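What you see is a predicted model, and the numbers here were worked out from it, not measured in a lab. Naming convention: chains lettered A, B, ... in sequence-line order (proteins, then strands); numbering from 1 in each chain.
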Amino acid sequence: MLEKKYDFKTREKYWQDFWQEKGTYKFDPQSNKPIFSVDTPPPTVSGKIHIGHIFSYCQAEFVTRFKRLQGYNVFYPMGFDDNGLPTELLVEKERGVKAYNLSREDFRKMCMETVEKYEEDYKKLFISVGNSADWSLFYHTVSPECQRTSQMSFLDLYKKDKVYYAEAPALWCTKCQTAIAQSELESEEKETTFNYIKFYIENSDEYVEIATTRPEFLCACDCVFVNPKDEKRANLVGKRVRVPLYNYYVPVLADDKVELDKGTGVVMCCTFGDQTDTQWFKKYKLELKVAIDDYGRMTKLAGKYEGMKTKEARAEIIEDLKNQGLLIKQEPLTHQVFVHERCKNEMEIKLKKQWFIKTLENKQKWLELGDQIKWNPSFMKSRYTDWVENLMMDWCISRQKYFGVPFPVWYCKDCGEIIVADESQLPVNPLVTNPLHSCPKCGGNNFEPEKDIMDTWATSSVTPLVNTKWKTDDEFCKKMLPMTFRTNAHDIIRTWDFYTIVKNYYHTDTIPWQNVMITGFVMAGNGEKISKSKNNAKADPANVIANNSADVFRYWATTGSLGRDSIFNEDKLKTGAKLVNKVYNASKFVWQFLEGYKPGEVPTLKPIDRWIISKFSQMQARFFDYFEKYEIGLAMNELESFFWNFCDNYIELVKVRLYNADEDAKNSAKYAMYGVMLELLKMFSIYIPHVTEEIYQNTFKDTVHTESINNTQFATLTISPDKDLIRKGEEACNVVSQVRGYKTDNKVSLKTELTTLKVTSPYDEFLNLCADDIKDATNAREVVISHGENLSVEVLGVVESNQ
RNA sequence: GGGAGUAUAGCUCAGUUGGUUAGAGCACUUGCCUUACAAGCAAGGGGUCGUAGGUUCGAGUCCUACUGUUCCCACCA
């Protein structure tokens with residue numbers, strides 16, 4: 001029996017403990033059920049988890065519950081990504097320290113402590129929202145096991161010549177003082193000025209006009225370009241021009257990258273002002289002139305501006321150009337500038353020795369692999385292909401930071417040879433361990449360890465390899481790869497998805513997963529993105545859960561359709577609370593009649609009972625279809641609207657029968673209610689697992705005999721969707737509805753007794769078969785049904801009550 | 001500049017392959033304590049489906065153009 005009231009505050013915790021204790025969500029490696037494996041992106045430990053994260057993880061989690069109920073052996077590990085720049089920034093902020101002021105060891109220890117504390121909170125939060133991951137499969141990317149996999153990945157790439165160490169133009173953040181990858185760039189709109197500057201032609205009084213936004217690069221100018229088709233300036237090619245302020249001469253070259261109608265049509269090339277400069281640098285083997293140092297200050301090359309921040313130098317230089325009559329004009333300009341996504345600092349390009357993974361040479365392959373994966377929703381695939389098609393640089397994976405996975409690499413001090421670790425040494429920290437052997441090239445024994453650490457994405461893009469025990473358990477790995485299902489929000493398609501596809505292909509020749517589910521974002525009330533900097537995440541997930549229950553929170557997470565952003569909406573929480581309440585009450589009510597009922601042979605069914613089963617089957621089919629497309633919100637809509645209809649129409653039609661009728665008539669209703677209610681609870685358990693478990697344990701468990709509702713499986717009912725039958729049943733509901741309307745219009749109670757009800761309908765035959773149910777639901781003494789073109793319902797009289 | 005999503009009731013959103021009078025929840029109005037639930041039930045008001053064309057017997061749904069909006073990519077001369 002169910003208690004009168006359901007108290008989520010005590011019961012949710014109770015069931016969460018129950019599930020963990022019983023291992024309800026455990027993957028069974030021995031089972032021969034089909035496997036559904038999930039590669040969930042491990043949340044980055046970079047601060048508090050906001051409501052959008054939980055939203056996204058809930059959506060993915062609904063799918064795993066669905067698959068479990070479909071009879072799959074679900075492999076659903078959860079992990080955290082707890083190394084690299086994002087974590088360092090968190091620790092520095094929280095502790096008020098700067099990594100470079102501390103010893104590596106001290107900083108590392110500090111990071112570990114912080115990470116542990118956060119992960120404890122993260123885990124609690126996930127469990128408190130009813131997440132059904134198998135925590136025995138837990139991993140975190142800074143653990144020795146994951147470090148081993150990341151380093152193993154590096155060694156494998158090295159062996160296959162897919163990773164290289166080279167001095168190349170790299171994107172550089174002067175604030176974080178590290179190289180970063182193209183995928184870590186964001187663009188921001190900034191106001192600046194276009195400065196039109198005179199470059200005098202050698203031995204002439206004439207000059208060419210060059211427009212630039214960054215005159216502080218004048219000291220690093222290598223040459224000037226015009227377009228080869230530019231007839232007006234064809235005579236300039238081969239001549240030299242004088243760089244203003246610095247008064248040295250550079251050649252004028254022609255290159256078709258120059259756009260005629262941009263700026264003045266003449267460009268100065270500096271090393272490096274932008275991406276095009278790096279291409280010209282390579283193509284024309286230009287001299288490297290470094291104007292800006294690692295900290296974003298002008299170098300010696302800048303002369304009197306040395307030591308100034310770039311923007312200060314720019315202002316001074318413009319002033320000086322003005323004074324010397326070299327500045328023609330200035331124009332305001334708004335343009336997109338690349339900034340580092342983590343700190344929003346403007347990007348520089350520096351020539352640096354870094355490790356790169358080859359991505360450019362296989363663009364076609366990446367696209368093919370993208371085609372092999374099923375993207376949901378399908379339109380999100382274009383984010384992937386767009387990104388691949390526009391890749392400009394190989395993936396730079398070395399970071400000049402401290403807390404992360406070290407490269408298993410040393411350099412021979414004598415001959416400079418690169419020495420990589422032996423697999424048996426992994427995980428290895430080259431700062432404290434030496435290679436196993438002398439330098440293979442010169443036999444030397446002096447080694448310079450690689451101090452850099454790997455990009456956080458380089459370590460988190462191996463999650464399918466970690467999960468499937470790559471290079472640890474070959475048999476398991478073979479069985480599990482490619483994984484079935486990957487889910488993430490649309491912001492990390494170009495990083496997590498792309499890099500994971502790249503690495504998995506290099507290592508195992510396959511795609512990492514067969515299906516991808518891309519979730520949307522949660523937007524703040526005004527429709528803007530929730531972000532830490534704006535501090536507009538009004539609702540803290542832990543509070544929302546504590547105040548509304550995990551089930552209600554999860555209900556809210558069904559908002560909207562897949563891949564689309566949703567706005568956080570308090571109303572939806574209210575609706576969820578009502579639903580939970582209704583499910584509980586309906587179950588309690590239904591169970592009154594089903595107590596002691598033993599499901600068995602199909603009895604002779606009354607038309608209304610046939611109707612509700614058929615209608616259920618129709619809804620169930622749609623529900624399954626939506627889930628196949630991971631449309632968890634639309635599936636919920638189907639389920640929910642059926643359920644309210646079930647309560648307000650079906651239950652109302654049969655309840656008097658269940659109280660008063662003969663055994664056969666009762667049994668028909670019981671049969672329908674038992675089947676439909678049980679299946680409804682299973683479906684609801686995907687979304688609101690706590691209340692449904694509470695109900696199941698106190699009701700159906702005695703006849704179904706599984707330890708938890710989560711261990712049950714979906715069943716199809718005996719009557720399949722039948723449009724004609726469904727239409728007829730709805731006619732019966734319409735009759736009842738019209739009578740209710742009559743009573744409402746006349747401001748009398750719905751239980752008011754009627755004398756005679758006169759009905760005409762094209763479905764009179766069917767209505768006659770369920771006349772008793774209609775009579776009961778409308779509380780009429782007599783119902784007369786005859787044939788007619790359209791439905792008409794007439795109340796002939798009301799029985800006057802004495803009270 | 002290239003691409004994608006989106007535009008339906010005051011708000012948040014459904015509307016499957018084109019098919020009668022366009023739906024739900026919230027909000028609003030009114031009535032009802034009905035042998036589950038007042039966190040409930042019932043009834044109701046409210047929309048020329050972004051604009052303009054087109055295809056069709058028939059368009060919220062398909063096509064074209066435009067407009068608004070959000071996002072991705074490119075654009076730092």
Visitor: Would Lys198(A) count as a cation-pi partner of Tyr207(A), with NZ or CZ less than 6.0 Å from the six-membered ring centre and within 45° of the ring normal?
Guide: yes
Visitor: Write down the partner of U6(B) under the Watson-Crick or G-U wobble criteria, each distance required to be under 3.5 Å.
Guide: G68(B)
Visitor: What integer distance in Å separates Phe646(A):CZ from C37(B):P?
Guide: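 Taking atom P of C37(B) as the reference, CZ of Phe646(A) is at 17 Å.
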Visitor: In whole Å, I'd like the distance from the CD atom of Glu259(A) to the C1' atom of A74(B).
Guide: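 Atom-to-atom, Glu259(A) to A74(B), this comes out as 11 Å.
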Visitor: Which nucleotide in the set C71(B), G15(B), G25(B) lies at the smallest distance from any side-chain heavy atom of Lys578(A)?
Guide: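 Per side-chain heavy atoms of Lys578(A), the pick is G25(B).
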Visitor: Among G3(B), G5(B), C75(B), which nucleotide sits nearest the side chain of Gln336(A)?
Guide: C75(B)
Visitor: Counting distance alone, no hydrogens or angles: does the base of C26(B) have a donor or acceptor under 3.5 Å from a partner atom on the side chain of Lys574(A)?
Guide: no
Visitor: Taking atom P in both C63(B) and U17(B), compute the distance separating them and give it to the nearest angstrom.
Guide: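 Going atom to atom, P in each nucleotide, I get 12 Å.
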Visitor: Taking atom P in both U16(B) and U70(B), what distance in whole Å separates the two?
Guide: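 It comes out at 27 Å once rounded to the nearest Å.
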Visitor: In Watson-Crick or G-U wobble terms, both distances under 3.5 Å, what is the partner of C13(B)?
Guide: G23(B)
Visitor: Closer than 4.0 Å, any side-chain N/O of Ser566(A) to the OP1 or OP2 of U12(B)?
Guide: no
Visitor: Which listed nucleotide (A42(B), G40(B), G5(B)) is nearest to the side chain of Phe379(A)?
Guide: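 Per side-chain heavy atoms of Phe379(A), the pick is G5(B).
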Visitor: Identify the nucleotide, in any strand shown, that forms a Watson-Crick or G-U wobble pair with G1(B), with both distances under 3.5 Å; if there is none, say none.
Guide: C73(B)
Visitor: Roughly how far apart, to the nearest Å, are C49(B) and G15(B) at atom C1'?
Guide: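 Those two atoms are separated by 11 Å.
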Visitor: Between A42(B), C33(B), C72(B), which one does the side chain of Arg383(A) approach most closely?
Guide: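 Ranking A42(B), C33(B), C72(B) by closest atom to the Arg383(A) side chain puts C72(B) first.
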Visitor: How many angstroms lie between atom OG of Ser56(A) and atom CZ of Phe521(A), to the nearest 0.5 angstrom?
Guide: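 Reported to 0.5 Å precision, the distance equals 8.5 Å.
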Visitor: Can you tell me, in whole Å, how much space there is between the P of C76(B) and that of C62(B)?
Guide: 38 Å
Visitor: Using a cut-off of 4.0 Å on non-hydrogen atoms, how would the nucleic acid contact of Ser587(A) be classed: base, sugar-phosphate, or nothing?
Guide: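 Contact class for Ser587(A): none.
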Visitor: Go through it in stages, so that I can follow the logic: the residues are Glu731(A) and Ser761(A), the test is side-chain hydrogen bond (donor to acceptor under 3.5 Å, both in side chains), and I'd like the CA-CA distance, side-chain angles, deciding distance and then a yes or no.
Guide: CA-CA 8 Å; Glu731(A) 190 79 342; Ser761(A) 161; 2.8 Å; yes
Visitor: Closest approach to the side chain of Thr276(A), judged atom by atom: which nucleotide of C76(B), A42(B), A36(B) is it?
Guide: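 My answer, after comparing the listed nucleotides, is C76(B).
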Visitor: Pair Tyr555(A), Glu640(A) - check side-chain hydrogen bond (donor to acceptor under 3.5 Å, both in side chains), show working.
Guide: CA-CA 11 Å; Tyr555(A) 176 82; Glu640(A) 210 181 348; 2.5 Å; yes
Visitor: Describe the nucleic acid contact of Leu333(A) in one word from base, sugar-phosphate, nothing, applying a heavy-atom distance below 4.0 Å.
Guide: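 Answer is sugar-phosphate: Leu333(A) comes under 4.0 Å of backbone atoms only.
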Visitor: Could you give the distance separating G50(B) and A22(B) at their P atoms, to the nearest angstrom?
Guide: 15 Å
Visitor: Rounded to the nearest 0.5 Å, how far does CG of Leu678(A) lie from OG1 of Thr699(A)?
Guide: 8.0 Å
Visitor: Met392(A) has a side chain; which of A36(B), C75(B), C41(B) sits nearest to it?
Guide: C75(B)
Visitor: Between C37(B) and G45(B), how far apart are the two P atoms, rounded to whole Å?
Guide: 30 Å
Visitor: Are Tyr659(A) and U35(B) stacked, counting the six-membered base ring, centres under 5.5 Å, planes under 30°?
Guide: yes
Visitor: Please pick, from A39(B), C26(B), U34(B), the nucleotide with the shortest atom-to-atom distance to any side-chain atom of Ser749(A).
Guide: U34(B)
Visitor: Could you check how far CE of Met347(A) sits from C1' of C75(B), rounded to whole Å?
Guide: 17 Å
Visitor: May I ask you to say what Lys629(A) touches in the nucleic acid, namely base, sugar-phosphate or nothing, with a heavy-atom cut-off under 4.0 Å?
Guide: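 Contact class for Lys629(A): none.
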Visitor: Looking at NZ of Lys775(A) and CG of Leu757(A), how far apart are the two atoms once the value is rounded to the nearest 0.5 Å?
Guide: 11.0 Å
Visitor: Find the distance Asn645(A):CG to G25(B):C1' and express it as a whole number of Å.
Guide: 15 Å
Visitor: Can you tell me how far P of A14(B) sits from CG of Leu634(A), to the nearest Å?
Guide: 7 Å
Visitor: What's the closest nucleotide to the side chain of Lys262(A) if the choices are C72(B), G25(B), C76(B)?
Guide: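 Selected nucleotide: C76(B).
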Visitor: Using a heavy-atom cut-off of 4.0 Å across all strands, would you classify Ala211(A) as base, sugar-phosphate, or nothing?
Guide: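 Sugar-phosphate contact only.
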Visitor: Grab the CG-P distance between Leu185(A) and C76(B) for me, whole Å please.
Guide: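 It is 13 Å, rounded to the nearest whole Å.
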Visitor: Taking the side chain of Ser187(A) as its heavy atoms from C-beta onward, which of A36(B), C41(B), C75(B) lies nearest to it?
Guide: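 It is C75(B).
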Visitor: For U29(B), give its Watson-Crick or G-U wobble partner with both distances under 3.5 Å, or none.
Guide: A43(B)
Visitor: A38(B) and U20(B): how far apart are their P atoms, nearest whole angstrom?
Guide: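 These two P atoms come out 38 Å apart once rounded.
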Visitor: Please state how far atom CH2 in Trp591(A) lies from atom C1' in A36(B), giving the value in whole angstrom units.
Guide: 15 Å
Visitor: In Å, rounded to the nearest 0.5 Å, how long is the span from NZ of Lys743(A) to CG of Leu750(A)?
Guide: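 Between Lys743(A) NZ and Leu750(A) CG, I get 6.5 Å after rounding to 0.5 Å.
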Visitor: Taking any strand in view, what nucleotide pairs with G53(B) in a Watson-Crick or G-U wobble way, both distances under 3.5 Å?
Guide: C63(B)
Visitor: Checking contacts here: which listed nucleotide (C32(B), U6(B), A36(B)) is nearest the side-chain heavy atoms of Arg564(A)?
Guide: U6(B)
Visitor: Counting the atoms with a prime plus P, OP1 and OP2 as sugar-phosphate, which does Glu652(A) contact under 4.0 Å by heavy atoms, base, sugar-phosphate, or nothing?
Guide: base
Visitor: With a 4.0 Å cutoff (strictly under), does any side-chain N or O of Lys655(A) reach OP1 or OP2 of A36(B)?
Guide: yes
Visitor: Closer than 4.0 Å, any side-chain N/O of Lys582(A) to the OP1 or OP2 of C41(B)?
Guide: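 Yes.
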Visitor: Kindly indicate, with the supporting measurements, whether the criterion ring pair (Phe, Tyr, Trp, His ring centres under 6.0 Å) is fulfilled by Tyr284(A) and Phe225(A).
Guide: CA-CA 11 Å; Tyr284(A) 298 99; Phe225(A) 282 103; 5.2 Å; yes
Visitor: Roughly how many Å apart are U64(B) and G18(B), using the P atom of each and rounding to a whole number?
Guide: 16 Å
Visitor: Whole Å only: how far is the CG atom of Leu579(A) from the P atom of G25(B)?
Guide: 13 Å
